[in-house]
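Okay, so here's the structure we're looking at.
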Amino acid sequence: MVRFSGLQKEVLSLYRDCLRAAFQKPIDRRQHWINYIHSEFNKSRNIPRRDFSTVEYLIRTGKRRYEMYKSPDIKDVL
Amino acid sequence: MFRQFTFAARSSARLATRAAVIRPAVFTPVNFMRLSSTGSPLTREDVIARTISVLKTFELKNSTDKIDVDTQFTKDLGMDSLDYNDALVALEEEFDVVFDDKTANEIKTVGETVDYVLKTYIPEQEDLDKEVR
């Protein structure tokens, strides 16, 4: 069984939070959000798991963006 | 012009790497008649059937037609950790449950997912009210 490191768990948790937030968006825009989340996470897919400082930085910025975008006032993303 | 060319080349290379990644097709919640709305509890068979239909909305790399309770997300379906977390969140929507972090990180097979849904599924409010009264 694959055991995740603490940092990997944080990434996965953020990913789930983002997707959950996407499901709270209006149904006709939901796919935009999901595509956006996929593309943002895919950009960093090839970062080595040992590159702690980069991953930590990305988690920090990701969390900030998640907090900002999850607001119900923000309805769509392009 | 050369600049444009390199940009195009780069973006096509990027597209190629992305294409290798499996991703869900459109997220369409499965419109099964919810048994819970008739007051009857969710059966294991029902959860399995609905879970499998949700999983089939994803483009699976190893598209083995048969998905059963022993199917492993990573080994049998060729999903990576992000992909199967996609599936878990889609299942959360389907069954109105929430996978806690520990479970979500440890789940491996379809059967474990089904068991977790059965364990945490809360019947509709009506049923709860009746029980309370």
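Residue numbers start from 1 in every chain, and the chains themselves are labelled A, B, ... in the order their sequence lines are given, proteins ahead of strands.
The cluster map of Ile, Leu, Val, Met, Phe, Trp and Tyr, joined by side-chain heavy atoms under 4.5 Å apart, puts B:Leu55 and B:Leu42 in the same cluster. No path of Ile, Leu, Val, Met, Phe, Trp and Tyr side chains, each step under 4.5 Å between heavy atoms, connects A:Val77 with B:Val89, placing them in separate hydrophobic clusters. Cluster membership check: A:Leu58 shares its hydrophobic cluster with A:Leu12, using side-chain heavy-atom separations under 4.5 Å among Ile, Leu, Val, Met, Phe, Trp and Tyr. A:Tyr36 and A:Met68 fall within a single hydrophobic cluster, where Ile, Leu, Val, Met, Phe, Trp and Tyr are joined by side-chain heavy atoms under 4.5 Å apart, directly or via other members. Taking hydrophobic clusters as Ile, Leu, Val, Met, Phe, Trp and Tyr residues chained together by side-chain heavy-atom distances below 4.5 Å, B:Val98 does not share a cluster with A:Leu14.
Looking at every heavy atom in both residues, B:Ala90 comes nearest to A:Phe23 through CA-CZ, 4.4 Å. Between B:Leu82 and A:Phe41, the shortest heavy-atom distance links the atoms CD1-CB, 4.1 Å. Between B:Asn85 and A:Leu19, the shortest heavy-atom contact is O-CD1, 4.2 Å.
Annotation: the span from A:Lys9 atom NZ to B:Lys102 atom NZ amounts to 8.5 Å, rounded to 0.5 Å. A:Arg20 contributes atom CZ, which lies 10.0 Å from atom CD of B:Glu93 (distance to the nearest 0.5 angstrom).
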Apply the test side chain to side chain contact (heavy atoms under 4.5 Å, CB included) to residues B:Asp86 and A:Tyr15: give CA-CA distance (whole Å), side-chain angles for both, the deciding distance (0.1 Å), then the verdict.
-> CA-CA 8 Å; B:Asp86 262 319; A:Tyr15 188 62; 2.7 Å; yes

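A 4.5 Å side-chain heavy-atom check between B:Asn105 and A:Gln8 finds every atom pair outside the cut-off.
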